Amino acid sequence: MVGKPAVWSRCFFLCLAKAPQRRSALRFCPGPHDFPPARAAEFDRTYAGTVSRVAEQLYSFNYTTKPGQVDAVRVNVRSDSENLQYPVLFVVRQQKGVLSWQVPLVFRGLYQSSYKYTEVSRTLCPSEESGPSEQILFIDVASMAPYNAHYVLQVTRIKNFQLKMGAAFNFTASPSQPQYFLYKFPPDVDSVMVRVVSETVYPCSVVSIQDIVCPVYDLDHNVEFNGVYQSMTKQAAITVQKKDFPSKQFFIVFVIKPEDYACGGSMPASVQGKMALAGKSRVLLLGSVYVRAILFSFLSFFSFYLVALLVAFVQCHSLSVSIVGFGTVAASHPITASTPEGSSYGAIGMLSSLEHRPPCGSETDSSVEEESDFDTMPEIESDKNVIRTKMFLYLSDLSRKDRRIVSKKYKIYFWNIITIAVFYALPVVQLVITYQTVVNVTGNQDICYYNFLCAHPLGVLSAFNNILSNVGHLLLGFLFLLIVLRRDILHRRSLETKDIYEYGIPKHFGLFYAMGIALMMEGVLSACYHVCPNYSNFQFDTSFMYMIAGLCMLKLYQTRHPDINASAYSAYASFAVVICLAVLGVVFGKNALWFWIFFSVIHIVASLGLSTQIYYMGRFKIDLGIFRRAIMVLYTDCIQQCSRPMYMDRMILLVVGNLVNWSFAIFGLVYRPKDFASYMLGIFICNLLLYLAFYVIMKLRNAERLLPIPLFCIVATAVVWAAALYFFFQNLSSWEETPAESREKNRPCILLEFFDDHDVWHFLSAAALFFSFLVRLSFIFY
């Protein structure tokens, strides 16, 4: 009989199960007459029965496989027994393996919770033969219960087990009824994107891509043991490359978690989903999409180089007046050339005569002085306390120190930022390489928060498109350095060959060089962050954004106040404090009220302290007596006589600036925004735009003209920033949420089938920062 070989093959297993002690197991081993013969069964037919410790059932299924066809069989069972002490056992034996489970099926959840399921469906490991083959399948149903336990059994052959590219496929699943399907790569396909969409609300699920190996890991406690996997709620997408699978095929496994602690939300009993495979042909993928994206990225920004060369060529052949630096200022009338007599803010005064200094470029000029010497230089003509408290200040009043010494002071910005960049970038690169290695080795794609619907892998990188889109920061930052270097050289030559006097706004290039390095480092660190964006390395992408905004404000202030601008050490120390606050805000800012109180107090106090320094032009000492002096000033100027502010323009700027910053502080304290990094960046950007607007307004108010090139840069900056911010707010992922919730925001590519909204933000923000830098550069030279 067909059932007799099966009886003897099960003998030892059942003896061990029934024997009270291992030593007496053989005493309970039955003979061939103690087991019923295997019952020949048919597919798609429902079988019901009872089992107990003295009665069990054995079913056999015979079928024939066709050449080149993959046959998959699914077993559906259920039982009304909910007694965990006496479950109903199901053992399925195939030609190449054994699969077993019990009903009720129990899953252990978080905090020692457990979930029981009385209906279980499992897909058996499929077989693929080169020729026609007879297959036999045995299903044994047993129980140790002293009573009759009811069960229902149905075995079906899956008709659509092998998926096709580009076709949607609907299926249902639950924690006790996982699903998996087969996909084979066509000869002309190099990679495919597997996209799974759920139609229910917040079912915490796991999508896994596994090699063709039996057994298939398709339960909640083992699905993460093999292959690549993602958790999901509403959608998931995994890009699979043919080179990773020697057999040119893989399983797509879909598992529902019994509880939703990893995804957030409620626990569903089942989920209805829709699966679709989007494929790319090999020729299109390697020969067109990647190459086209790389060419587009580089050629777009090399066009800026071409325009810069054309502008430089035209200017070299069109200048017909005396050249100072790169601008056109008449040497015979340096003041009246751009500003009417009597103007206070925008007056372009002649700097102090440097008759006794060595010529620019000499050996003495390259000597190194300590920065502590800069602010102890003797004042020219009168004490600085008298000069800086005049009712109407001219630029010459705030630029009285030796140009050579002040230039060296600002070059420290350049060398310091290079040192900071090297020491900051090296551990960052090491860390993100480790992250990417962990993702590739473990297959856990919940570690990194990509936009998986537009993640194009290349080599070991999972999202090459997010890295490539940062090339604009590098190229435009380097172009800005070249422009600054050219103007620096022309300025030096002009001073050496034409005049020992310097007219117009003092031209110091150290901060410009630092801005160019900061723009390049923003591209490097943003690319590092996007190697594996997550909660732990967010600061890589934001640190140099804060520094760029701060350097731009410092450069604007230095333009009219070169003698009293902050030193490089104090500026970078302030940036370090800001970055520390940003890290604390991300760690504690979500729920900790104490942090928001602490940050708001620091924000308001820092705004007041900086405003005081700006209003009194650096002559208001910050020490233990500051509170007494502040109260005295308030009493004498506001209460005793309520006099009009001596410096009305500065007072208006500082009042508006403090109102803006206090509003930010109150908003943060009340609403406590989740994205603290963007909140901090918003504070910097608003302050920068406010000061830039004030600078332009004061130029116009004092009858200074905006020439065509600065005006073009301002308009271009506004337009490009507006477009860039639109794409910035198109959130495609969020490391502040769970990986599954972040994937709900994923969207397909929008540019060249390769770049998503965030990549476009990278392109436009690089161009916007470049134009912003040109605005500051053009204010000095035009």
Side-chain angles (χ1 to χ4, degrees), residues 107-111 113 115 117 121 163 168-181 193-210 217-224 227-240 251-278 439 442-455 462-463 532-535 538 590 674-675 730-749 756-758:
F107 291 105
R108 299 296 178 183
L110 194 63
Y111 307 119
S113 57
Y115 304 93
Y117 298 90
S121 297
L163 302 182
F169 178 75
N170 296 315
F171 65 95
T172 60
S174 71
S176 63
Q177 297 174 317
Q179 293 271 15
Y180 66 86
F181 305 95
M193 177 182 290
V194 180
R195 183 179 182 183
V196 183
V197 180
S198 173
E199 298 176 354
T200 58
V201 180
Y202 296 113
C204 191
S205 314
V206 175
V207 181
S208 175
I209 303 297
Q210 301 181 18
Y217 298 95
D218 62 345
L219 293 177
D220 175 58
H221 63 271
N222 63 16
V223 68
E224 300 174 357
V228 179
Y229 61 91
Q230 294 180 4
S231 61
M232 65 162 283
T233 53
K234 293 183 178 180
Q235 68 174 353
I238 302 178
T239 300
V240 187
F251 288 137
I252 306 170
V253 184
F254 192 80
V255 176
I256 308 296
K257 286 185 171 292
E259 61 183 8
D260 204 22
Y261 66 89
C263 302
S266 59
M267 183 193 70
S270 64
V271 56
Q272 294 185 356
K274 180 173 65 176
M275 179 183 298
L277 288 114
V439 171
T442 64
N444 183 6
Q445 295 198 355
D446 285 352
I447 297 176
C448 305
Y449 287 74
Y450 305 114
N451 175 20
F452 288 92
L453 290 181
C454 187
S462 300
C532 182
N534 57 41
Y535 173 84
F538 77 96
K590 292 183 179 179
K674 294 182 179 180
D675 191 352
Q730 304 298 315
N731 293 328
L732 304 179
S733 61
S734 175
W735 47 260
E736 296 176 334
E737 301 174 343
T738 64
E741 292 172 332
S742 173
R743 269 185 279 275
E744 295 178 12
K745 302 177 180 180
N746 291 176
R747 284 187 286 184
C749 305
D756 59 19
D757 298 75
H758 197 73

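Computed from a predicted model, the values in this text were never measured in an experiment.
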- line: Interatomic distance, CD@Glu741 vs NZ@Lys234, rounded to 0.5 Å, equals 10.0 Å
- request: Report yes if some heavy atom in the side chain of Glu744 is under 4.5 Å from a heavy atom in the side chain of Glu737; otherwise report no.
  value: no
query: So, for Lys257 and Val206, which heavy atoms are closest and what is the spacing to 0.1 Å?
result: CE-CG2, 3.6 Å
query: Can you name the nearest heavy-atom pair linking Thr233 to Cys263, along with the distance?
result: CG2-CB, 3.6 Å
- request: Taking the side chain as every heavy atom from C-beta outward, state whether Phe254 and Met232 have any pair of such atoms under 4.5 Å apart.
  value: yes
query: Does Gln210 reach the main-chain N or O of Val253 with its side chain, forming a donor-acceptor pair under 3.5 Å?
result: no
query: Residues two or more places apart in sequence or in another chain: which of them pass side-chain contact (heavy atoms from CB on, under 4.5 Å) with Ala463?
result: Tyr450, Ala455, Asn465, Asn466
message: Among residues at least two apart in sequence or on other chains, which ones pass side-chain contact (heavy atoms from CB on, under 4.5 Å) with Asn444?
response: Tyr229, Thr442, Asp446, Ile447
Closest approach of Ser742 to Ser734 (non-hydrogen atoms, all atoms of both residues): OG-N, 3.0 Å
- prompt: What distance do Asn746 atom CG and Leu732 atom CG have between them, rounded to the nearest 0.5 Å?
  reply: 7.0 Å
statement: Note: Asp220 and Val255 closest approach over all heavy atoms is N-CG1, 3.8 Å
Nearest heavy atoms of Pro739 and Tyr449, plus distance in Å: CD-OH, 3.4 Å
- prompt: Between Asn451 and Arg747, is there a donor-acceptor pair closer than 3.5 Å when you use the side chain of the first and the backbone of the second?
  reply: yes
message: Distance check, rounded to the nearest 0.5 Å: Ser733 atom OG versus Leu453 atom CG?
response: 11.0 Å
task: Find the distance between OG (Ser205) and CD1 (Ile256) and round it off to the nearest 0.5 Å.
output: 3.0 Å
- prompt: Partners of Gln235 by side chain to side chain donor-acceptor pair (under 3.5 Å), sequence neighbours excluded?
  reply: Arg195
task: Assign the ring pair Phe107 / Tyr117 to parallel, tilted or perpendicular, where the plane angle (0 to 90°) is split at 30° and 60°.
output: perpendicular
- request: Verify, without hydrogens or angle tests, whether Tyr180 (side chain) and Ser208 (backbone) share a donor-acceptor contact under 3.5 angstrom.
  value: no
statement: Of all heavy-atom pairs linking Val439 and Ser462, the shortest is CG1-OG, 4.4 Å
task: Can you measure from CD (Gln179) to OG (Ser121) and round to the nearest 0.5 angstrom?
output: 8.0 Å
